[in-house]
Amino acid sequence: METDASANIQGRRFNLFDGRALANYVVSELQFIDPFNRRDLTRPELEALDAYLAVHKLGTAGVVEAYDDNGTTISTAGAQAQTPGGRAL
């Protein structure tokens with residue numbers, strides 16, 4: 001039996017990290033990647049991270065602002081992880 005709540009989460013990606021710690025990490029290190037699988041985070045995911053901080057009154061990290069100012073990660077780990085050679089490392 002499918003409830004409204006379970007229908008709303010199907011097809012969504014979840015990060016099981018402390019939101020404030022993740023936001024502070026990606027901003028301070030300019031590493032806009034998922035630490036679990038090294039996948040580049042999308043801009044909507046970064047916006048959701050800023051929104052999470054606001055909703056839970058956890059301060060501001062300026063994740064989207066940092067991303068927009070830099071436009072890329074310092075490391076290419078996220079991009080390399082998406083290639084067969086990068087996943088083999």
Side-chain angles (χ1 to χ4, degrees):
M1 179 173 172
E2 189 172 289
T3 65
D4 288 338
S6 64
N8 288 337
I9 63 171
Q10 289 180 354
R12 292 183 59 194
R13 290 184 179 147
F14 292 92
N15 286 308
L16 303 176
F17 296 98
D18 177 283
R20 183 170 37 189
L22 180 60
N24 289 330
Y25 170 77
V26 299
V27 169
S28 67
E29 298 296 322
L30 299 177
Q31 298 284 328
F32 302 100
I33 57 176
D34 184 321
F36 179 71
N37 61 17
R38 311 295 284 174
R39 175 185 59 80
D40 290 323
L41 295 171
T42 64
R43 193 170 195 285
E45 288 173 317
L46 300 174
E47 291 169 346
L49 189 52
D50 272 339
Y52 171 86
L53 296 176
V55 165
H56 296 284
K57 297 178 174 59
L58 297 173
T60 60
V63 178
V64 172
E65 181 181 352
Y67 178 78
D68 288 346
D69 288 348
N70 295 287
T72 186
T73 60
I74 289 176
S75 164
T76 58
Q80 288 176 352
Q82 303 305 315
T83 67
R87 288 189 294 269
L89 295 176

**Study point:** Interatomic distance, Asn24 atom CG to Leu53 atom CG [nearest 0.5 angstrom]
**Key:**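 The CG atom of Asn24 sits 7.5 Å away from the CG atom of Leu53.
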Check your understanding: Say you draw a straight line from CZ of Arg20 to OG1 of Thr60; how long is it, rounded to the nearest 0.5 Å?
Key ->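 Spacing of CZ (Arg20) from OG1 (Thr60) equals 11.5 Å.
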Transitive ILVMFWY side-chain link [X] to [Y], under 4.5 Å:
| X | Y | value |
| --- | --- | --- |
| Tyr52 | Phe32 | no |
| Leu22 | Phe36 | yes |
| Leu41 | Phe17 | yes |

**Study point:** Closest non-hydrogen atom pair between Val63 and Leu46, with its separation
**Key:**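 So the two residues come closest at CG1-CD2, 3.6 Å.
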Review point. Which heavy atom in Leu49 sits nearest to a heavy atom in Gly19, and how many Å separate them?
Key: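 Distance-wise, the nearest heavy atoms are CD1-O, 3.5 Å.
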Check your understanding: Is there a side-chain contact between Val26 and Tyr67, using heavy atoms and a 4.5 Å cut-off?
Key ->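 Of all side-chain heavy-atom pairs linking Tyr67 with Val26, none is under 4.5 Å.
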Review point. Is the shortest heavy-atom distance from the side chain of Arg43 to the side chain of Asp68 under 4.5 Å?
Key: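 Of all side-chain heavy-atom pairs linking Asp68 with Arg43, at least one is under 4.5 Å.
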Review point. Within a radius of less than 6.0 Å around CD of Glu65, do more than 12 heavy atoms belonging to other residues, nucleotides or ligands occur?
Key: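 For Glu65, atom CD is not crowded (no more than 12 foreign heavy atoms under 6.0 Å).
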Point to revise | Any donor-acceptor pair under 3.5 Å from Asn70 side chain to Leu30 backbone | key: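 Here the side-chain-to-backbone pair does not exist.
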